[in-house]
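Ligands are counted one by one from 1 in listed order, and the atoms in each one are counted from 1 as well.
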Amino acid sequence: MSRKAGKLVVGNWKLHGSLAGNEALLGDLLASPVLSAPGVTAAVCVPFPYLAQCQARLSGQVLGFGAQDVSAHVNGAFTGEVAAQMIAEFGAKFVIVGHSERRAYHGETDASVAAKTLRVLDAGMTPIVCIGETLAEREAGETTAVVTRQLETVLAALTLEQAAKIVVAYEPVWAIGTGKTATSAQAQEVHAHLRSLLRAKGEAVVDVAVLYGGSVKPDNAAELFSMADVDGGLIGGAALKAADFLAICEAGLSR
Ligand code: PEP
């Protein structure tokens, strides 16, 4: 998905929500004029059981929605898995793949993330491919090597046309849910490197949106979004409060 459309702000609800709570949160988000302003696109990625609620509540609205994971398989004997085509049937536009919590707790590898990315594209949705280094990797000076390996494994599995349709989210693992944010300079340095990898894949891919994620809050969003290669944010904790999520979207408007 191209960065030329403006900033993209995506909420990752993780393992949070209830039918009543979601109804209130989505209602508050839709009531705001911020989401209709040109220059920012917003979406929420919800637990699978809430896709039907999002379909009912968000069809035809300015707020998009999606899922947080997908099966690497199309169908078959894979108990508990959810296929991309099933998610697409609900009108979802986005699927997060390779979130660091999936990599850490569910054994996801660069190869499985690449397979999931393909399933999402085949189903006509936009994969938000998450990459990022751990604290130990950053301290060992391995940040560039890690994010290069993670992104290049996915890019190698895609045609140019497919690669132009993805979104990348740089999420340093040490900044997720910790309240520690990468400085805007740290984020820009990695994003500029990711942009060079996208350019190396082909000119058609250079404008793929690269989001930053990791403790983005209303008070640091504007600074992060002002960086040349930061095209929006993937928002965890702050996406659960309408006022905070909207303030982050608003910070994207003027950048
Ligand atoms: C995330 O879950 O992708 C995330 C960035 O979380 P948080 O904003 O809470 O750090």
among protein heavy atoms, the one nearest atom 6 (O) of ligand 1 is Gly236 CA, 3.3 Å
Ligand 1 atoms nearer than 4.0 angstrom to some heavy atom of Ala175 are 10 (O)
If we number the atoms of ligand 1 from 1 as shown, the ones under 4.0 Å from a heavy atom of Gly214 are 5 (C), 10 (O)
Give a yes/no verdict on whether any heavy atom in Cys130 is under 4.0 Å from an atom of ligand 1.
no
Under a 4.5 Å cut-off applied to non-hydrogen side-chain atoms, are Leu26 and Val44 in contact? yes
Next item on the list: Mark the output for His99 as yes if a heavy-atom distance to ligand 1 is under 4.0 Å, and as no if none is.
Entry: yes
Co-membership, hydrophobic cluster, residues Leu63 and Phe94, 4.5 Å side-chain = no
Walk me through it: do Leu234 and Val216 pass the test side chain to side chain contact (heavy atoms under 4.5 Å, CB included)? CA-CA 8 Å; Leu234 184 54; Val216 178; over 6 Å; no
Next on the checklist: I'd like to know if Met125 and Leu211 are part of one continuous hydrophobic network [Ile/Leu/Val/Met/Phe/Trp/Tyr, side-chain heavy atoms within less than 4.5 Å].
Outcome noted: no
Aromatic rings Tyr212 and His191: how do their planes relate, parallel, tilted or perpendicular, breaks at 30° and 60°? tilted
Here the atoms of ligand 1 under 4.0 Å from any heavy atom belonging to Asn12 are 1 (C), 2 (O), 3 (O)
What I want to know is whether Leu234 and ligand 1 share at least one N or O pair that is separated by under 3.5 angstrom. no
- Message: Below the 3.5 angstrom mark, is there an N/O of Gly177, backbone or side chain, next to an N/O of ligand 1?
- Response: yes
Next item on the list: Answer with yes or no whether Ser215 contacts ligand 1, where contact means a heavy atom under 4.0 Å from a ligand atom.
Entry: yes
Distance col, row Ile166:CD1 vs Leu198:CG, nearest 0.5 angstrom, shows 6.5 Å
Ranked by distance from atom 9 (O) of ligand 1, the top protein heavy atom is Gly237 N, 2.9 Å
**Prompt:** Just distances here: any N/O of Thr178 and N/O of ligand 1 closer than 3.5 Å?
**Reply:** no
Residue, atom and distance of the protein heavy atom nearest atom 5 (C) of ligand 1 read Glu171 OE2, 3.1 Å
